[in-house]
Amino acid sequence: MKPVSLIQFLIEERRAGHINTELSLLIEVVARACKRIAVATGKGALGGVLGAAGTDNVQGEAQKKLDVISNEILLEANAWGGHLAACASEEMEDPQPIPDMYPKGQHLLLFDPLDGSSNIDVNISVGTIFSVLRCPDDVTEPKVEHFLQPGTTQLAAGYVVYGPSTLLVLTFGHGTHEFTLDREIGSFILSRRDIRIPEQTGEFAINMSNQRHWEAPMQRYIGELLAGKDGPRGRDFNMRWVASMVADVHRIVTRGGVFFYPLDAKIRDKGGKLRLMYEANPMAFIVEQAGGAASTGRERIMELQPVGLHQRVPVFLGSKQEVELAAHYHREADGAQG
Ligand code: AFP
């Protein structure tokens, strides 16, 4: 079969009526920016990109040089094409308007420019996550409130993994598709169409060091997985934790599994660890489009009404049966309490 490039795929999606020309351009621009991030990431120490930037982001987290570089690459690439009304980044407190000298488009872009940044200096996969919303029709100067749309309204979501290969995984709400960067020709080529996550799995991903801080239903669910053959599940489960959400989710999108970043006593006041707008919503869209499920343990992630640009939420996502069982334990415990 002849290879299908990202550009060809986007043209086909346009012809199928799934996207308009502006959204197609937006994805091309984001993909091009991510190729530049892949190059910067790949240079490592030789490019002077490792280590701390010496600044903190809006979340109060120490920024790495590559966080700052990736954010700048995405902002710069998306400023002038006329496809955006504004963008918002995990690294910046407020939305970034489009400079007055450029035309404006109808889309809002949200991104986590470099997810898993604690892994940069140790040469483990990192990634970029993005989500696309429509700017309300009558709005010319988008403010925070215009970004606060539930995940169900996303027009597109994707992530890029900078690993042994650079991969782009993308959805427009018509399946989830994977593209691999052909480094020799510089193009993303379709490598898997209509990815399906198996409903059942024998593999889970969670940061076990937080176990003692979890809520009782999470303790119960993971306890049963760890008990393996001798426990109520009657079979053994394997565990993986990369600490780059992009890499952990990509493993699930490739061979199944379930990912958790639950609420725990340390992060209860913040509402969770992962960001709804930059991480949870786009990943939920991608996973649901691949036949998986995504929940906070209490609600479907994509149905949450956002209350803040940098809001954090608990995240359970991946193989449907496991997400549903863990959520069932949470609902049961809530019911018993009250
Ligand atoms: P950073 O990109 O801020 O380092 O965070 C990565 C992340 O948000 C997500 O990609 C990981 O799943 C999670 O944090 C890792 O958290 P732990 O530090 O608890 O392992």
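Hydrogens, waters and symmetry mates are skipped; everything else that's a heavy atom, side chains included, is used. Every number for a ligand or one of its atoms is a count from 1 in the order of the listing. Note that this is a predicted model, so its numbers are computed, not measured.
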(request) Check the angle between the aromatic planes of F316 and F260 and answer parallel, tilted or perpendicular using the 30° and 60° thresholds. (result)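 Plane angle over 60°, so perpendicular.
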
(request) Anything under 30° is parallel, anything over 60° is perpendicular, the rest tilted; go ahead and classify H174 against H18. (result)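 The rings of H174 and H18 lie parallel, inter-plane angle below 30°.
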
(request) Measure from atom 13 (C) of ligand 1 to every heavy atom in Q63, K273, E91 and give the option owning the shortest one. (result)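 Checking each option, the heavy atom nearest atom 13 (C) of ligand 1 is found in K273.
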
(request) May I ask which of D264, N207, L274 has a heavy atom nearer to atom 17 (P) of ligand 1 than the others do? (result)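 Comparing heavy atoms across D264, N207, L274, the nearest one to atom 17 (P) of ligand 1 lies in N207.
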
(request) Without swapping roles, check the side chain of K65 against the backbone of L50 for a donor-acceptor pair under 3.5 Å. (result)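 Judged by distance alone, yes, a pair lies under 3.5 Å.
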
Is [X] close to ligand 1, meaning an N/O of one under 3.5 Å from an N/O of the other?
X: N210; result: no
X: M245; result: yes
X: E90; result: no
X: G116; result: yes

(request) Record the part of S117 in heavy-atom contact with ligand 1 below 4.0 Å; permitted values are side chain, backbone, both and neither. (result)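 Answer for S117: both.
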
(request) With heavy atoms only and a cut-off of under 4.0 Å, state how D115 meets ligand 1: side chain, backbone, both or neither. (result)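 For D115, backbone and side-chain atoms both sit under 4.0 Å from ligand 1.
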
(request) Tell me, yes or no, whether the heavy-atom count around N207 atom CG, taken from other residues, nucleotides or ligands under 6.0 Å, exceeds 12. (result)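 Check passes, neighbour count above 12.
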
